[in-house]
There are 2 protein chains.
Amino acid sequence: MPFPLDTEPATVLRGAGLRVTGPRVAALAELREAGHVDVDSLARRLRARLGRVSTQAVYDVLRVLTDAGLVRRIEPAGAPARYELDGGDNHHHLVCRGCGTLVDVPCATGIRPCLETETTDHGFVVDEAEVIYWGLCPNCQASALTPNSAPTQQD
Amino acid sequence: MPFPLDTEPATVLRGAGLRVTGPRVAALAELREAGHVDVDSLARRLRARLGRVSTQAVYDVLRVLTDAGLVRRIEPAGAPARYELDGGDNHHHLVCRGCGTLVDVPCATGIRPCLETETTDHGFVVDEAEVIYWGLCPNCQASALTPNSAPTQQD
DNA sequence: ATGAAATCTTGAAACATTCCAGATTACGTG
DNA sequence: CACGTAATCTGGAATGTTTCAAGATTTCAT
């Protein structure tokens with residue numbers, strides 16, 4: 001959010017006080033194109049772009065970017081984590097139970113109220129409200145009776 | 001929710017069209033006492049009560065009970081899944097980032113709006129809105145500067 | 001009481017993620 | 001612009017949760 005989406009990745013990294021490395025630059029670039037990626041597919045993208053990239057590096061990069069607030073981790077129940085650029089708009093996610101397809105849902109739209117944060121409960125200090133809507137995408141609704149298409153992690 | 005909390009476990013199972021077995025009866029009984037349990041601690045409880053119970057049986061039982069709507073699975077990001085009796089009240093959860101403590105948060109209380117379900121978006125048919133609030137419990141707030149207590153899965 | 005289907009046991013596998021030790025790299029200093 | 005140090009990356013192994021597979025046991029309707 002502190003950076004427009006078209007800011008040079010290296011600039012974004014420096015602005016966040018992070019070192020500029022190949023995997024990090026490439027990760028930011030790929031995340032811009034890819035939407036919501038899991039670790040495995042991001043690793044494939046990085047390797048296609050850079051050659052050899054260790055699995056550990058992928059996890060490290062994502063952790064660093066996440067900790068810096070540049071990237072947001074989404075972890076739908078029962079599925080590997082996905083990552084997306086953090087645009088600071090605090091949107092939520094809609095996940096298909098059938099195929100795992102994940103789409104963004106804007107916060108505070110229509111019947112969908114945005115949630116208060118910075119609230120206190122049970123003595124807790126709440127800093128984030130994570131909302132995940134579960135349902136069936138059009139495709140999986142169609143094949144609900146004839147389950148022929150194997151669940152696939154689409155974007 | 002079809003059953004009062006004090007209904008005999010065997011009756012609950014039969015009412016849901018499920019077979020009555022030792023592990024299932026014990027699981028329902030333990031879940032009443034335990035609050036939010038992970039698979040491992042439920043397994044320990046079942047073994048203490050019944051003697052030998054396979055890990056697989058624990059997973060099978062929880063899946064069956066979950067599919068039947070008697071039990072609800074909570075899967076906070078980065079932590080093993082927890083299970084609780086499904087009272088049908090559609091409450092949400094508040095998780096401590098420090099120690100993993102999990103507490104219930106009633107739906108539609110004060111600034112906390114209950115979410116619409118049965119809504120359609122992107123062609124999706126939404127059947128559930130899952131909300132997880134993240135924050136710090138009182139203990140972890142206190143030890144935020146002097147992180148001495150190792151994260152523990154409390155209830 | 002009997003049999004078919006569901007459930008449980010045991011042991012192994014799959015999977016995402018993390019740990020470890022050492023080599024390499026980025027970048028503030030001199 | 002060369003250096004040194006801390007941060008980062010590589011490669012390989014390990015961890016821990018969850019699932020798979022095959023066979024024994026149990027539940028429940030007949």
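Here is the naming used below: chain letters follow the sequence lines, and residue numbers restart at 1 for every chain. Remember, it's a predicted structure, so these values are computed and weren't measured experimentally.
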Subject >> Euclidean distance, A:L85 CG relative to A:L65 CG, rounded to 0.5 Å >> reply: 8.5 Å
Original post:
Among D:dT19, C:dT9, C:dT17, which nucleotide sits nearest the side chain of B:A57?
Top reply: C:dT9
**OP:** Measure from CG on B:L50 to C1' on C:dT7 and round the result to the nearest Å.
**Re:** 14 Å
Subject >> Residue whose nearest DNA chain D nucleotide is more 5′ - B:E75 or A:V58 >> reply: A:V58
Original post:
Taking atom C1' of D:dC9 as reference, at what distance in whole Å does atom CZ of A:R47 sit?
Top reply: 12 Å
Original post:
Of all the nucleotides listed (D:dT8, D:dT19, C:dT17), which has the minimum atom distance to the side chain of A:V39?
Top reply: C:dT17
Original post:
Does A:H93 reach the side chain of A:V105, with side-chain heavy atoms less than 4.5 Å apart?
Top reply: no
Subject >> Distance in angstrom units between B:D40 CG and D:dT15 C1', rounded >> reply: 14 Å
Original post:
Can a side chain N or O of B:R63 be found less than 4.0 Å away from OP1 or OP2 on D:dT19?
Top reply: yes
**OP:** Measure from the side-chain heavy atoms of A:V53 and tell me the nearest of D:dT10, D:dT19, D:dT18.
**Re:** D:dT10
**OP:** For A:R24 and C:dC27, give me the distance from atom CZ to atom C1', rounded to whole Å.
**Re:** 13 Å
Subject >> Residue B:Y59, side-chain atoms from C-beta onward, closest of D:dC9, D:dT10, D:dT18 >> reply: D:dT18
**OP:** Just compare C:dT18, D:dT10, C:dC8 and give me whichever is closest to any side-chain atom of B:D60.
**Re:** C:dC8
Original post:
Would A:D40 and A:R44 pass as an ion pair if we require N to O under 4.0 Å?
Top reply: yes
Subject >> Heavy-atom side-chain contact between B:V61 and B:V71 under 4.5 Å >> reply: no
**OP:** Please tell me which of the listed nucleotides, D:dT19, C:dT9, D:dT18, lies nearest to the side chain of B:S54?
**Re:** C:dT9
**OP:** Using modelled atom types only, decide if a donor and an acceptor are shared between the side chain of A:Q141 and the backbone of B:G123 within a distance under 3.5 Å.
**Re:** yes
Subject >> Spacing between B:R52 atom CZ and C:dT7 atom C1', to the nearest angstrom >> reply: 17 Å
Original post:
Should we count CZ of A:R47 as having more than 12 external heavy atoms under 6.0 Å?
Top reply: yes
Original post:
Quick one: A:D38 CG to C:dT17 P, roughly how many Å, whole number?
Top reply: 8 Å
Subject >> A:R97 CZ: over 12 foreign heavy atoms closer than 6.0 Å >> reply: yes
Subject >> Reading 5' to 3' through nucleotides 21-29 of chain D, protein heavy-atom contacts under 4.0 Å coded B for base, S for sugar-phosphate only, - for none >> reply: B-----BS-
Original post:
With a non-hydrogen cut-off below 4.0 angstrom, is A:V64 in contact with a base, only sugar-phosphate, or nothing?
Top reply: nothing
